[in-house]
Amino acid sequence: MAKQAVLLIGDLAHASDEWSALSSKYTLKEFRKGEREQFLSNCKSGEYDDVVALYRSNQSTSETGPFDQELISALPKSLKYICHNGAGYDNIDVASCNERQIGVSSTPVAVDEATADVAVFLMLGALRHAHVPLTALRAGQWRGESQLGHDPKGKTLGILGMGGIGRAFAHRAQAFGLNIIYHNRSQLSSDLEPSYTIYVKTLDELLERSDILSLNLSLNAKTKYIISAAQLKKLKMGSIIVNTARGALINEADLVSALESGHIGSVGLDVFEEEPKIHAGLVKSDKAFLLPHVGTMTWETQRDMELLVLKNLESGVQTGQLLTRVPEQKSFNWVKDGDSALASKI
Ligand SMILES: NC(=O)c1ccc[n+]([C@@H]2O[C@H](COP(=O)([O-])OP(=O)(O)OC[C@H]3O[C@@H](n4cnc5c(N)ncnc54)[C@H](O)[C@@H]3O)[C@@H](O)[C@H]2O)c1
């Protein structure tokens with residue numbers, strides 16, 4: 001019997017050997033580099049007509065463009081699984097995948113620790129206005145215009161979105177003596193909810209009580225601009241915002257106005273509304289501690305993410321189950337539930 005085919009889109013940096021080893025079981029096809037038009041044309045020509053599962057990533061969006069309705073409708077009829085490398089998958093039109101009954105997995109869990117580490121780094125950087133001494137030192141001005149910062153101890157940290165990264169951040173934040181409150185779509189079950197956190201029922205209450213607000217929820221049509229001028233006003237004067245989730249959760253222009261007025265004391269941001277473009281008001285602000293979306297950029301985490309995508313791909317092809325299927329697909333009757341016990345150990 002002919003081997004089933006799997007397709008790699010974009011590059012692998014850490015799991016090339018594991019990918020190559022799959023050739024004993026599957027026909028390996030690759031679209032490592034190219035343009036969207038070329039990829040669409042390959043789909044139409046029948047080149048991928050035997051492909052059952054594909055590997056893609058946030059990075060490979062630069063080769064194919066987003067997996068939007070146009071691209072998903074061009075994918076071969078044989079395709080059953082899109083195994084995505086990235087915890088965020090806002091560049092995949094999941095609704096179109098649902099229509100075609102294509103399963104989609106992402107890489108939660110593997111990203112939690114590294115991204116939470118960056119959230120801590122950003123929180124401390126924002127509390128200390130670290131941008132000023134860092135740039136002064138390299139300009140030969142020693143401390144330059146550095147001013148006193150703030151301690152985290154005794155402040156209230158409000159976490160919006162208490163998933164894997166939110167919980168990993170809470171775990172770290174506890175060590176700094178912060179009081180931790182959170183708001184989530186629903187309160188976490190007792191086995192998931194850390195004992196040192198308090199659930200608040202509304203976003204408004206979270207905003208009103210927080211000294212530091214951390215965004216840890218996913219971006220979708222409902223959460224875009226969840227923090228805009230009206231929500232920023234509800235935060236205390238001088239409060240701090242940390243965002244490691246997605247830039248478009250915050251209206252960046254409103255954020256810049258709030259920073260300029262002093263209502264927001266400082267920000268620590270890893271993500272931006274129109275990456276790689278950054279609002280000029282943020283770039284020039286001494287109150288903004290900024291990183292260029294490096295949340296998961298460690299050797300260990302990048303390798304774990306690549307391996308998890310390959311595990312999803314194999315699990316899909318072998319058993320019909322994805323280990324870390326995106327939550328939007330969990331209620332469909334064509335979905336076979338993954339082995340959640342296994343997924344939680346990854
Ligand atoms: N900076 C980076 O490099 C980086 C790395 C990994 C992930 N991320 C981003 O972080 C986000 C969170 O990742 P995660 O793995 O913790 O996701 P997750 O799915 O485990 O958690 C998200 C949480 O947000 C909650 N939520 C969703 N909508 C909400 C709403 N309207 N109000 C309140 N809560 C809501 C969900 O209930 C869930 O508990 C991802 O979606 C991704 O975009 C960024």
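Side-chain atoms are counted along with the backbone in the values below, which use heavy atoms only and exclude waters and symmetry mates. Predicted model, so just to flag it, every value in this text is computed and none were measured. Atoms within a ligand are numbered from 1 in the order they appear, just like the ligands themselves.
Under the 3.5 Å distance criterion, with hydrogens and angles disregarded, a donor-acceptor pair is assigned to the side chains of T61 and R56. A donor-acceptor contact closer than 3.5 angstrom is absent between the side chains of Y81 and Q321.
Any N or O atom pair closer than 3.5 Å counts here, and A87 shares no such pair with ligand 1. Between T115 and ligand 1, a contact under 3.5 Å exists for no N or O pair. At a 3.5 angstrom cut-off on N or O pairs, G164 counts as close to ligand 1.
Across all non-hydrogen atoms, the minimal contact from L124 to P152 is CD2-CG, 4.2 Å. Across every non-hydrogen atom of M305 and A110, the tightest pair is CG-CB, 4.1 Å. Nearest heavy-atom pair across A114 and T301 is CB-OG1, 3.4 Å. In plain terms, the two heavy atoms of A288 and L282 that are nearest each other are CB-O, 3.6 Å.
Interface atoms of ligand 1 facing L160, defined by a heavy-atom separation under 4.0 Å, are 33 (C). Heavy-atom contacts of T223 reach the following atoms of ligand 1: 28 (N), 31 (N) (cutoff under 4.0 Å). Atom numbering of ligand 1 starts at 1 in the shown order; those under 4.0 Å from a heavy atom of S218 are 41 (O). Near G88, meaning under 4.0 Å from one of its heavy atoms, ligand 1 places the atoms 42 (C), 43 (O). Those atoms of ligand 1 with a heavy atom of D270 less than 4.0 angstrom away are 1 (N), 2 (C), 3 (O). Residue contact check: T296 has heavy atoms under 4.0 Å from atoms 3 (O), 5 (C) of ligand 1.
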Open item on the list: Let's go through K25 and E314 carefully: what are the C-alpha distance in whole Å and the side-chain angles of both, what is the deciding distance for side-chain contact (heavy atoms from CB on, under 4.5 Å) to 0.1 Å, and is it a yes or a no?
Closed with: CA-CA 10 Å; K25 299 181 202 163; E314 276 222 81; 2.7 Å; yes
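Taking a 4.0 Å cut-off on heavy atoms, K222 fails to register as neighbouring ligand 1.
With a heavy-atom cut-off of 4.0 Å, N216 touches ligand 1 through its backbone alone. Both the backbone and the side chain of N184 come within 4.0 Å of ligand 1, counting heavy atoms alone. By the criterion of a heavy-atom distance under 4.0 Å, both the backbone and the side chain of I165 are placed next to ligand 1.
Ring centroids of F31 and Y48 are separated by 6.0 Å or more, keeping the two rings apart.
Checked against T324 for a side-chain contact (heavy atoms from CB on, under 4.5 Å), the options V309, L308, V104 give a single hit: L308.
A heavy-atom distance below 4.5 Å is found between the side chains of L28 and V6.
The nearest heavy-atom contact from the protein to atom 9 (C) of ligand 1 is A245 O, 3.4 Å. In this structure, the protein non-hydrogen atom closest to atom 21 (O) of ligand 1 is G163 CA, 3.2 Å. Ranking the protein heavy atoms by distance from atom 30 (C) of ligand 1 puts L217 CD1, 3.6 Å first.
Atom 24 (O) of ligand 1 is flagged as protein-proximal [any protein heavy atom, distance under 4.0 Å].
Residue nearest to atom 4 (C) of ligand 1, selected from T244, L291, T202, T324: T244 (by heavy-atom distance). Considering only non-hydrogen atoms, atom 36 (C) of ligand 1 lies nearest to R185 out of M305, R185, H293.
In this structure, the side chain to side chain contact (heavy atoms under 4.5 Å, CB included) partners of K80, at least two apart in sequence or on a different chain, are V52.
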Pairs of donor and acceptor atoms involving the side chains of residues 166-179, under 3.5 Å and at least two apart or interchain, shall be tabulated with distances.
from: R167; atom 1: NH1; to: M162; atom 2: O; distance (Å): 3.2
from: R167; atom 1: NH1; to: G163; atom 2: O; distance (Å): 3.4
from: R172; atom 1: NE; to: D117; atom 2: OD1; distance (Å): 2.6
from: R172; atom 1: NH1; to: E113; atom 2: OE1; distance (Å): 3.4
from: R172; atom 1: NH1; to: A168; atom 2: O; distance (Å): 3.0
from: R172; atom 1: NH2; to: E113; atom 2: OE1; distance (Å): 2.6
from: R172; atom 1: NH2; to: D117; atom 2: OD1; distance (Å): 3.1
from: N179; atom 1: ND2; to: G154; atom 2: O; distance (Å): 3.3

